[in-house]
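By convention in this document, chain letters (A, B, ...) are assigned in the order of the sequence lines, proteins followed by strands, and residues within each chain are numbered from 1.
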There are 2 protein chains.
Amino acid sequence: VTVTDITERELIERISKRLPPAPKWMLVGLGDDAAVVEPERNRVEVLTVDAIVEGVHFDRAFVPPDAIGHRALAVNLSDIAAMGAAPRLALLSMALPAALPLDAFDQMVEGFVNLAGRYRVHVAGGNLTRSTGPLMIDVTLLGTVKRRQALVRSGAKPGDEIFVSGAVGAATAGLQMLQAGAPVPDAASACVAKYLRPEPRVRLGTLLARNRAASACMDTSDGLADAVHQMAASSGVGAVIDAAALPIDTAACQWFAARQLDPVAEALAGGDDYELVAAIRPRMSRRFRQLAQSAGVQVTCVGRCTEDRSVLLRLGHGETATERPLERPAFRHFQ
Amino acid sequence: VTVTDITERELIERISKRLPPAPKWMLVGLGDDAAVVEPERNRVEVLTVDAIVEGVHFDRAFVPPDAIGHRALAVNLSDIAAMGAAPRLALLSMALPAALPLDAFDQMVEGFVNLAGRYRVHVAGGNLTRSTGPLMIDVTLLGTVKRRQALVRSGAKPGDEIFVSGAVGAATAGLQMLQAGAPVPDAASACVAKYLRPEPRVRLGTLLARNRAASACMDTSDGLADAVHQMAASSGVGAVIDAAALPIDTAACQWFAARQLDPVAEALAGGDDYELVAAIRPRMSRRFRQLAQSAGVQVTCVGRCTEDRSVLLRLGHGETATERPLERPAFRHFQ
């Protein structure tokens, strides 16, 4: 049984029956030309859209349907988290190949709705269409934050410490493991899990915003090196990242090393971790660590912002340390 | 030169350089993890998302790139208009085949941005990704309306007159002309234009909302018959549509007749017109006509809501008139 064996209306009902009751602020929900919502008082709105496309962002051969649904929302939650905002509502637009099994559709919706429920994101609308090619999910997410608390990329100052949440490189290693197709040892299963079902840092982001603890913030969707480059450029500062300080996931590190890949390079270039990178004023450093602890998130200082605009990677320690430009998975051609 | 010959950043710049300056309420625009906007005071928000997919909603063989960009926004503007809201901001998500010529990309953006400019819709963000298959454009649109003025589908009452804006059947005829591939006579060029670059009824929708002139409203994106059925079902009323009253586009009518197609059936079933259907209390009928006139839109009373829940089509006049169920391009399988 595929999605084309039933009507569009029935597909929509399979989504809506999985949704929790609409909150009071949703004045008109699914089923009209558009949704009508009451804005949240004394808040500004944060809006983002991100699409995941089969064959570009995921491979149905090894990404199960529920993980596809989860990822479609998670990548957007991560953007909202990086702004310090609390997510509020989502619009879910799907383009489905005719051969998509109805079971897979249900599991995809399940993965999406479960993650939405955990962050109290309400589905305000959506769109279903057939795709003549790949499966695509396009999610628009709206969050809210107090006006002066939104975390932007451009606020970093020379002297700020650069922190990253969680461990880096795990998702890239997880993807490589899935692509290799070999059985994944127990010790490495967290890497695969992190690739398949990334956990956006929503709690940390909102805590940083409320406490004005970060001078700049962004997520590492395109890798840590890219995030540092973008934050530095937006803020008009440079940065030095300390290779030895990078919190590289242990199982990922072993995986890279066993394949003669440089763990530092992989962890810096690899995307999909959906961690937060934040620039923190030295006097806020202790407060920042406390907030991260209360959010249950490990954070690591990996470098510092500099006056000089160059973005460098420091290798080695003390007197023998050397610095070279932080490689950026360069201005890639559109892909 | 195709879109893959340049970087994603350069593609984004080709969009942003075409955009007017951001309004004051857009606190953070393109270039951060998400946009930050100040909600409009004393308004509720209306949100919709709609995707158009190559091979499903348009054929690149006869829909020029600027029309693709125009349509992607127009279908969403029509949904917002049907709610009586004023459009405010859009998020533009595109999945591009690698072989898409850069020229076509530019023209697509041009078509989108031109229509956006005419309705003062500001692009607050977006997403670009490669597609391994068809070209897809997914647009999220946000509009605003006063809380008690939003036009819903469910407010029609027995006795309400059913009006439709503009002429019906033109877009369907235009699509058929394009598909036939033959040269289109001058007299019929408006049909093709209406299919390629539909003009959403934004002004009419907002006027109806502000004057509380309609008891229910929706757009005819899936055809007039479908709209009447949906409005009746949402409102818990029936309807009788008078075939003789239908404002069928003249050139379309001739086109259908020349092909032994029933103009009434085609005009009722055909989609893509993006007109508004509204239920109007008899005492508001005159006011409604005045408002339509001030919006420069022809409106026609095509029937009436009834107590009895059946949705009927009346054929013929006076004593010899007959009524039969209004055919609905039935609950189609997902397509």
Report which part of A/Val152 has an atom under 4.5 Å of a heavy atom belonging to chain B: side chain, backbone, both, or neither.
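Contact with chain B involves both backbone and side-chain atoms of A/Val152.
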Measure across [X] and [Y] and return the closest heavy-atom pair with its distance rounded to 0.1 Å.
X        : Y        : result
A/Ala150 : B/Val36  : CB-CG2, 4.2 Å
B/Pro134 : A/Ser131 : CG-OG, 4.2 Å
B/Ala51  : A/Ser93  : CB-OG, 4.0 Å
A/Thr48  : B/Ala34  : CB-CB, 3.7 Å

Once you round to the nearest 0.5 Å, how far does [atom1] of [X] lie from [atom2] of [Y]?
X        : Y        : atom1 : atom2 : value
A/Leu47  : B/Leu47  : CG    : CG    : 8.0 Å
B/Thr129 : A/Ile52  : OG1   : CD1   : 10.0 Å
B/Glu40  : A/Glu45  : CD    : CD    : 11.0 Å
A/Met136 : B/Thr132 : CE    : OG1   : 6.5 Å

Which bit of [X] comes within less than 4.5 Å of chain A, counting heavy atoms only: side chain, backbone, both or neither?
X        : answer
B/Val28  : side chain
B/Val37  : both
B/Glu54  : backbone
B/Ala98  : neither
B/Arg147 : side chain
B/Met218 : both

Could you tell me if the side chain of B/Asn127 sits less than 4.5 Å from the side chain of A/Asp138, heavy atoms only?
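No - every pair of side-chain heavy atoms lies 4.5 Å or more apart.
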Taking the side chain as C-beta and beyond, is there a heavy-atom pair between B/Asp33 and A/Asp219 under 4.5 Å?
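In short, these two side chains touch, coming nearer than 4.5 Å.
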Best-contacting candidate, A/Leu96, A/Leu141, A/Leu92, against chain B by heavy atom pairs under 4.5 angstrom:
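Heavy-atom pairs under 4.5 Å are most numerous for A/Leu96.
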Quick one: of [options], who has the most non-hydrogen atom pairs under 4.5 Å with chain A?
options                             : value
B/Gly125, B/Gly126, B/Ala124        : B/Gly126
B/Ala81, B/Ala95, B/Cys217, B/Pro39 : B/Pro39
B/Asp32, B/Asn76, B/Leu27, B/Leu11  : B/Asp32
B/Thr140, B/Thr2, B/Leu89           : B/Thr140

Residues, nucleotides or ligands: over 12 heavy atoms within 6.0 Å of B/Gln179 CD
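Yes.
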